[in-house]
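Scroll down for the structure; my scribbles are underneath it.
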Amino acid sequence: MNTHPITDPALGDRAAWAVLRDVTDPEIPVLTLEDLGVIRAVDVDLEHHSVHVTITPTYSGCPAMQTMEIDIRDRLMRAGFTTVDVETVLSPAWTTDWLTETGREKLRAYGIAPPAKGEGGGKAVLMGHDPVVACPQCGSEDTKPISEFGSTACKALYRCNACLEPFDYFKCI
Amino acid sequence: MNKDQHVEFLLRLGDNSLVLGHRLSEWCGHAPVLEEDIAMTNVALDLIGQARMLYSHAGEIEGKGRDEDAIAYLRDVLDWRNCLLVEQPNGDFADTMARQFLFDVWNFEVFSALTKSSDEQLAAIAAKALKEISYHRRHSGDWVIRLGDGTEESRAKMIAALDRVWGFTDELFQMDDVDKAALAAGIGVDLEALRPAWESHVGAVLAEAGLEKPSVTWSVKGGRTKGHHSEHLGFLLAELQFMQRAYPNSNW
Ligand SMILES: [Zn+2]
């Protein structure tokens, strides 16, 4: 644990981002907040050892957001920032398109199918068209939705018709 | 529009969300199947989250130091401005889905329109909420179809459920001075103008379910605009507000 304030200006923003890179989603711990795309901006004021972090919520009622805020504050203070402000902005609204490629890969490896992309994904799914979801276990595209609501706000429940395993799908929003 | 009307307009939206969110949370651990237990509590969480954002915004506009908690926990029943539909008891699963569906279709139209509100924070809340409401509307609509087009018993239950709540839907399209002022200021929505879109979506789902539009002739209003509620809201608030009433200012 480093309790010494950061004094080198060159380290400012980079140091803050480096710290935040390790903060993970409390409900899907393989994803960092960077992978999720919820950190919109980081502004460091070295003179006052303060940092202002702008985040955007995934879902209006996502209970993980409060934990994320606490984790962000905690990590940055441990890294030597004496004042940490976390501001929540709603616009533009978070979308699953902001998940990074790395994040999508991590989800798949963790057993959660990443959200559909491009044609047939995003908006089309919100309008009611069923996305093609590949099974994260065997890769088969012969899968079936069981419920559009899952163990957390961001997931739906699916079943694979090929390997018969149930799995979580990170649904488009 | 004056500040009081602006706050009132936001509270009407927030109260709908919180009361319905609370109703759905009553299903936690009691739903007919696990998937629906999870679905209803997820929808509850979205609605409660939306209420929190609307209340925080209302509190800021009001400028009297009330935060989301003060608004949710420290108002008595006459000060609540939710529509009567959302406070109706859960009944059986068909009752809950009928209530949810009629509300979701309306809520979808309202929040679609609010994404263009001149109140920027409200527009941002609406843009966020609308994505969630799209899922809610599809979920409740699917159940109206499954139950309506299901067994003889499920069909009878859905017909009875729609009859029980249909008379509360006129209120959704009623415009009073607050709504008119909000509309004139570019903040609000023309609720009367949303009716054709609501009727068309509801009609299409009922048709797919093989159901007729209910022919009930009664209609009750006054929750949203005057705080004239059914007896059910008081009991709901007694539970929702219990901790703050029993242990004022408790915090954890
Ligand atoms: Zn499979």
Side-chain angles (χ1 to χ4, degrees), chain A residues 27 37-38 40 54-70 87-98 115-116 121-131 144-159 166-173, chain B residues 13-14 17-18 20-22 24-25 27 31 33-57 68 108 111-112 115 117 119-143 201 204-205:
Chain A
E27 284 174 337
V38 297
R40 305 313 297 161
T54 311
I55 58 172
T56 192
T58 50
Y59 281 77
S60 301
C62 181
M65 292 311 298
Q66 253 163 314
T67 312
M68 289 183 198
E69 204 180 310
I70 293 166
E87 184 193 4
T88 302
V89 293
L90 297 175
S91 183
W94 182 82
T95 155
T96 31
D97 294 344
W98 293 350
K123 274 242 157 64
V125 174
L126 274 180
M127 295 319 290
H129 302 283
D130 283 334
K144 189 179 177 318
I146 298 171
S147 172
E148 286 197 305
F149 297 90
S151 54
T152 63
C154 55
K155 288 179 283 185
L157 278 173
Y158 269 68
R159 181 174 48 225
F167 64 90
D168 278 329
Y169 166 57
F170 203 106
K171 68 190 178 194
C172 291
I173 194 169
Chain B
L13 294 167
S17 301
L18 185 57
L20 187 57
H22 186 84
L24 289 174
S25 77
W27 274 105
V33 288
L34 180 62
E35 286 77 8
E36 284 313 305
D37 208 288
I38 292 169
M40 286 192 281
T41 42
N42 265 291
V43 176
L45 212 51
D46 287 341
L47 289 168
I48 293 167
Q50 291 159 17
R52 291 182 61 185
M53 298 193 293
L54 290 160
Y55 287 164
S56 296
H57 183 43
E68 52 180 280
F108 181 89
F111 278 81
S112 297
T115 58
S117 173
D119 174 343
E120 280 175 28
Q121 179 67 2
L122 177 57
I125 294 170
K128 178 94 220 133
L130 188 60
K131 298 187 189 200
E132 296 155 1
I133 297 167
S134 308
Y135 277 101
H136 304 170
R137 185 178 70 159
R138 197 152 74 235
H139 172 253
S140 56
D142 282 351
W143 274 108
H201 190 99
V205 168

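Worth knowing before you read on, the calculation uses all heavy atoms, side chains too, and leaves out hydrogens, waters and symmetry mates. In the text below, chain A, chain B and the rest are named by the order of the sequence lines, each starting its count at 1.
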* Honestly, is B:Arg138 close enough over B:Trp143, meaning NZ or CZ under 6.0 Å from the six-membered ring centre and within 45° of the axis? -> no
* To do: Counting only heavy atoms closer than 4.5 Å, note whether A:Thr152 contacts chain B via side chain, backbone, both or neither.
  => backbone
* Asked: What residue in A:Gly61, A:Ser91, A:Pro63 has the most heavy-atom pairs under 4.5 Å with chain B?
  -> A:Gly61
* To do: Would you tell me whether B:His139 and B:Glu36 have side-chain atoms, one donor and one acceptor, within less than 3.5 Å of each other?
  => yes
* Asked: chain B: which of A:Leu157, A:Thr56, A:Leu90 shares the most heavy-atom pairs with it under 4.5 Å?
  -> A:Leu90
* Face-on cation placement of A:Lys171 at B:Tyr135 ring, 6.0 Å and 45° thresholds -> yes
* Structure fact -> Closest heavy-atom pair, B:Ala129 versus B:Phe111, reported as atoms and distance to 0.1 Å, is CB-CD2, 3.9 Å
* Asked: Of all of A:Pro92, A:Pro57, A:Ala156, A:Cys62, which one pairs up most often with chain B through heavy atoms under 4.5 Å apart?
  -> A:Pro57
* **B:Leu47 portion near chain A, given a 4.5 angstrom heavy-atom threshold** => neither
* Asked: Is a donor on one side and an acceptor on the other found under 3.5 Å between the side chain of A:Ser147 and the backbone of A:Phe149?
  -> yes
